[in-house]
A.B. asks: 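Mind looking over this structure? Questions follow.
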Number of protein chains: 4
Amino acid sequence: MTEKDTKIPKDPEKITRIMTNALDEFAHHGYRGTKTANIADKAAVSKGIIFRYYGNKAHLYLATVKYATDHIMAVADYRVWQDSQDLGEMIANATKYKIQLQLKYPEEFKVLLDAYAEVGDAPAPLKHEIAQFYAQQTSGNIKALIAPVLDRLAIRDDVSRESIQNLMMGMMTQIGAETKAFMQKHPQASLTDFDTIIKHAKQYVTILEHGFLKKS
Amino acid sequence: MTEKDTKIPKDPEKITRIMTNALDEFAHHGYRGTKTANIADKAAVSKGIIFRYYGNKAHLYLATVKYATDHIMAVADYRVWQDSQDLGEMIANATKYKIQLQLKYPEEFKVLLDAYAEVGDAPAPLKHEIAQFYAQQTSGNIKALIAPVLDRLAIRDDVSRESIQNLMMGMMTQIGAETKAFMQKHPQASLTDFDTIIKHAKQYVTILEHGFLKKS
Amino acid sequence: MTEKDTKIPKDPEKITRIMTNALDEFAHHGYRGTKTANIADKAAVSKGIIFRYYGNKAHLYLATVKYATDHIMAVADYRVWQDSQDLGEMIANATKYKIQLQLKYPEEFKVLLDAYAEVGDAPAPLKHEIAQFYAQQTSGNIKALIAPVLDRLAIRDDVSRESIQNLMMGMMTQIGAETKAFMQKHPQASLTDFDTIIKHAKQYVTILEHGFLKKS
Amino acid sequence: MTEKDTKIPKDPEKITRIMTNALDEFAHHGYRGTKTANIADKAAVSKGIIFRYYGNKAHLYLATVKYATDHIMAVADYRVWQDSQDLGEMIANATKYKIQLQLKYPEEFKVLLDAYAEVGDAPAPLKHEIAQFYAQQTSGNIKALIAPVLDRLAIRDDVSRESIQNLMMGMMTQIGAETKAFMQKHPQASLTDFDTIIKHAKQYVTILEHGFLKKS
DNA sequence: CATGAATGAGTTTTCATTCAT
DNA sequence: TATGAATGAAAACTCATTCAT
């Protein structure tokens with residue numbers, strides 16, 4: 001693959017069109033359910049060029065997953081995670097930001113979500129590659145982003161740092177689920193419509209910080 | 001479909017063999033990636049019988065999804081969720097139980113997880129059926145199971161019941177993720193190997209109950 | 001086949017049900033298009049018995065063709081053809097009779113009509129058998145039936161007997177076509193509705209007898 | 001269908017090879033009895049291209065029926081029917097011509113003959129299409145062709161024009177039957193071998209014109 | 001280099017025929 | 001002997017991949 005990358009000159013515009021449409025197709029039909037011919041058609045590109053550029057469907061898929069991540073990472077502004085003393089505000093900002101991202105790049109999210117599941121399906125040699133690639137992204141990052149904020153907080157002695165991080169990941173997942181559900185019910189929703197979810201996010205942080213039991 | 005069901009007598013043993021192996025294949029290769037011939041082979045049954053029993057691949061898939069759910073639901077013993085005064089103990093038990101289930105029925109879990117994603121792909125008429133089926137299961141239940149336990153606890157006035165439930169769902173998801181990751185690293189693990197995860201679960205509950213900030 | 005005929009005792013009632021329904025199915029779907037399972041179902045008989053009685057589908061078909069002919073021949077009353085001095089009246093009677101028959105046994109007619117065409121299709125060894133069987137029926141007979149009536153008429157010296165017979169066969173075919181067309185337009189028609197066609201028949205005979213040119 | 005026709009470019013030479021061989025196969029084995037693989041093989045073309053071009057077997061069949069008609073119609077020279085004052089000579093010419101055609105395009109004739117019968121069998125949506133297509137051809141034309149010649153003849157007052165036309169159709173059918181029978185007995189026959197049949201044709205016309213009864 | 005028509009291995013699906021009960 | 005569930009060979013159809021233009 002790396003070999004081909006260097007040997008074959010690629011038209012950046014075609015690359016973009018292919019990636020965009022591959023993303024769309026893979027997001028909607030999964031790996032096996034997507035037909036290369038459809039991607040080529042929608043991208044206004046010949047089937048031949050896809051195979052010349054990517055070698056085969058499996059590599060096209062991998063490239064698409066990479067593209068999706070790069071795409072999201074490129075626009076992701078990590079300052080929203082870090083520029084905050086207050087954990088609740090930070091999570092609220094992050095949630096807001098993630099929703100914005102998801103509203104703007106739904107296909108990227110879908111493909112990224114599927115990728116890991118598909119792994120077991122894709123032609124054997126790619127399994128590892130995709131799995132490893134996927135592992136770099138996601139959870140690891142979130143933990144890292146939360147870390148500096150935690151440093152500034154006074155934490156109970158009987159609570160491990162990791163537990164907090166994990167719980168916050170679970171919380172993020174839960175927020176993600178709520179977001180997804182909301183988006184399905186209101187496909188045309190804009191950011192302001194998600195205020196409720198963001199309020200929830202703040203509540204969640206408050207609970208995590210102070211617990212939900214009455215102090216006796 | 002229901003019409004055919006009554007017309008065609010089915011050998012329960014063959015049904016079992018077909019379902020078991022369909023489950024296995026669908027779990028490992030997805031809908032498109034699974035070949036009916038393989039299922040037939042592994043089930044020691046002729047290709048013909050699968051079409052006799054299920055009409056076509058799409059209906060076989062649907063039947064498999066139904067089978068997976070029925071199977072899990074049949075063995076799921078919800079009392080482990082409810083017979084507990086202590087929330088930490090309850091979650092620990094639930095986690096333990098869920099791990100046991102997942103260790104015992106990994107394919108069922110996989111297929112169930114995929115089903116919803118595959119829906120968009122499956123022959124149109126099945127979409128609705130699968131979607132509806134999927135909706136019945138999942139989150140709704142967990143909330144209901146947690147509810148009675150929350151009733152017995154003294155909850156802070158500034159915290160909504162729903163927030164707690166949602167956070168606990170996020171927590172369960174997180175535990176699920178940890179479990180999955182662990183199972184992938186140690187495919188042969190048995191229940192006792194998951195003690196760490198169960199300890200985590202208890203910690204999470206403690207944090208949720210008392211918060212992680214030092215009382216100032 | 002003859003071997004089987006003697007060895008296997010057959011339940012006459014089942015034979016009838018099989019033949020009746022085979023007739024129906026073959027008439028509507030042709031040889032290849034007919035499924036033995038359907039015949040068995042409609043005849044309230046097991047598939048097994050059909051193969052026990054007839055050996056295979058091809059022989060079942062042959063038997064059905066024979067059955068159709070026998071059936072029609074059994075009810076056909078040839079006296080209507082012969083008990084007439086007047087050729088016009090005879091053809092009118094014959095037409096009337098044939099229509100009655102065709103109204104009553106449409107499937108038999110259809111199968112008989114198809115049989116010859118199917119011959120080229122049916123498993124090789126049967127070809128000859130069907131062809132020969134078919135040859136016995138049809139035209140040969142009609143010629144024979146017309147013969148005695150012609151004997152009583154004074155025929156022009158420059159006209160061969162055979163030509164007359166052939167033309168009359170063509171005429172019968174034409175009447176048959178008109179009948180068929182009429183039946184397709186009016187599926188519920190009864191004999192009296194065919195008066196026009198019978199009038200045509202008489203006209204045809206008149207023309208054949210006296211020609212259509214003005215005597216100069 | 002028309003949509004696909006424009007989207008998929010077709011190699012005229014391959015079309016020809018496919019049509020020719022489809023014609024041959026369908027003529028000899030009927031719709032159900034014909035295997036697309038065989039057509040592909042004989043046409044020196046891949047199976048895939050047939051489905052690319054025609055979508056499925058049913059449409060291939062329809063295309064073949066159309067092809068057969070177009071083919072025959074293209075070479076049919078209707079002047080032989082019209083450029084004649086003498087009815088006998090006209091029918092003789094027409095017969096001669098039809099025999100030539102049938103000798104040259106036996107498969108086309110066979111398929112065309114079968115098509116109507118198969119109609120009831122073919123996948124539902126095609127029924128209408130085939131039926132309508134077939135109706136255009138056949139008898140209607142013959143009547144029209146005979147009409148102008150009849151105009152020039154002095155016809156008896158008690159004879160309807162339609163009766164004459166119908167009788168002549170019957171006569172043509174009869175000649176057709178004789179031709180078919182002869183061709184089956186002598187598969188290698190050339191046009192001159194059919195002189196007897198043509199003589200018959202003339203006789204038939206004479207009889208129709210002057211009747212076969214002695215003028216008393 | 002790019003194209004997209006053609007290929008054919010691989011899948012799904014059908015149905016005459018068998019054979020355990 | 002009768003049954004009809006099961007079989008699997010044979011047919012229809014799909015689609016990633018190639019290669020002549």
Side-chain angles (χ1 to χ4, degrees), chain A residues 7-11 14 31-41 44-61 123, chain B residues 7-11 14 32-41 44-60 123, chain C residues 7-11 14 31-41 44-61 123, chain D residues 7-11 14 32-41 44-60 123:
Chain A
K7 282 198 178 181
I8 293 170
K10 298 192 181 89
D11 177 339
K14 280 179 184 171
Y31 177 69
R32 287 296 222 287
T34 295
K35 300 165 199 182
T36 41
N38 281 357
I39 296 175
D41 277 0
V45 151
S46 77
K47 253 175 302 166
I49 218 173
I50 289 184
F51 284 89
R52 164 165 275 275
Y53 281 9
Y54 302 95
N56 59 30
K57 192 182 171 182
H59 279 88
L60 170 63
Y61 180 66
Chain B
K7 275 186 194 293
I8 289 168
K10 300 190 182 74
D11 179 337
K14 279 176 186 162
R32 287 292 223 286
T34 295
K35 301 154 207 191
T36 43
N38 279 357
I39 295 175
D41 278 359
V45 153
S46 72
K47 252 176 306 163
I49 212 176
I50 288 184
F51 289 90
R52 192 180 206 311
Y53 281 11
Y54 304 96
N56 58 32
K57 192 182 170 183
H59 278 86
L60 170 63
Chain C
K7 283 198 176 178
I8 294 169
K10 298 190 181 93
D11 178 338
K14 280 178 184 171
Y31 177 69
R32 289 291 222 291
T34 294
K35 299 164 200 181
T36 41
N38 280 358
I39 295 175
D41 276 0
V45 151
S46 75
K47 255 175 301 167
I49 217 174
I50 289 184
F51 284 88
R52 163 166 275 274
Y53 281 9
Y54 302 96
N56 58 30
K57 192 181 172 183
H59 279 88
L60 170 63
Y61 180 66
Chain D
K7 276 187 195 290
I8 291 168
K10 300 187 182 74
D11 180 337
K14 278 176 186 161
R32 286 294 222 287
T34 295
K35 301 153 207 192
T36 42
N38 279 357
I39 295 175
D41 277 359
V45 153
S46 73
K47 249 178 307 162
I49 212 176
I50 289 184
F51 288 92
R52 194 181 203 312
Y53 280 12
Y54 302 97
N56 59 30
K57 191 181 170 184
H59 279 86
L60 170 64

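These numbers come from the heavy atoms of this one structure, side chains and all, not from hydrogens, waters or symmetry mates. From a predicted model like this one, the values you see are computed outputs, not experimental measurements.
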A.B. asks: Which of these nucleotides, F/dA6, F/dT17, E/dT13, is closest to any side-chain atom of A/Lys57?
C.D. replies: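 Between F/dA6, F/dT17, E/dT13, the one nearest the side chain of A/Lys57 would be F/dT17.
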A.B. asks: Of the nucleotides F/dA12, F/dA2, E/dC15, which one has an atom closest to the side chain of D/Lys35?
C.D. replies: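 Nearest to the side-chain atoms of D/Lys35, counting from C-beta on, is F/dA12.
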A.B. asks: Using OP1 and OP2 only, check whether a side-chain N or O of D/Tyr53 sits under 4.0 Å from E/dA6.
C.D. replies: yes
A.B. asks: Round to a whole Å and report the spacing from CZ of B/Arg32 to C1' of E/dT11.
C.D. replies: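 For the pair B/Arg32 CZ and E/dT11 C1', the rounded distance is 12 Å.
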A.B. asks: Looking only at N and O atoms, is any donor in the side chain of B/Lys47 or the base of E/dG10 less than 3.5 Å from an acceptor on the other one?
C.D. replies: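 In this structure, the two groups form no donor-acceptor pair.
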A.B. asks: Scan D/Thr36 against the nucleic acid and name what it touches under 4.0 Å (heavy atoms): base, sugar-phosphate only, or nothing.
C.D. replies: sugar-phosphate
A.B. asks: Treat a base pair as Watson-Crick or G-U wobble with both distances under 3.5 Å, then lay out DNA chain E in dot-bracket form, 5' to 3', with | for cross-strand pairs.
C.D. replies: .||||||||||||||||||||
A.B. asks: In whole Å, I'd like the distance from the CD1 atom of C/Ile39 to the P atom of E/dC15.
C.D. replies: 13 Å
A.B. asks: Is the side chain of C/Tyr61 donor-acceptor paired with the backbone N or O of C/Arg32 at a distance under 3.5 Å, no angle test?
C.D. replies: no
A.B. asks: I want to verify a distance call: between F/dA12, E/dT13, E/dG4, whose nearest atom is closest to the B/Phe51 side chain?
C.D. replies: E/dT13
A.B. asks: Does D/Arg52 put a side-chain nitrogen or oxygen below 4.0 Å from OP1 or OP2 of E/dA5?
C.D. replies: yes
A.B. asks: Quickly work out the A/Leu60 CG to F/dT17 C1' distance and round it to whole Å.
C.D. replies: 13 Å
A.B. asks: Rounded to whole Å, how long is the line connecting atom CD1 of D/Ile49 with atom P of F/dA12?
C.D. replies: 17 Å
A.B. asks: Between B/Tyr54 and B/Leu60, which heavy-atom pair has the shortest distance, and what is it?
C.D. replies: CD1-CD1, 3.7 Å
A.B. asks: Determine the minimum heavy-atom distance between C/Lys14 and C/Val45, stating which atoms define it.
C.D. replies: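 Here C/Lys14 and C/Val45 meet closest at CG-CG2, 3.9 Å.
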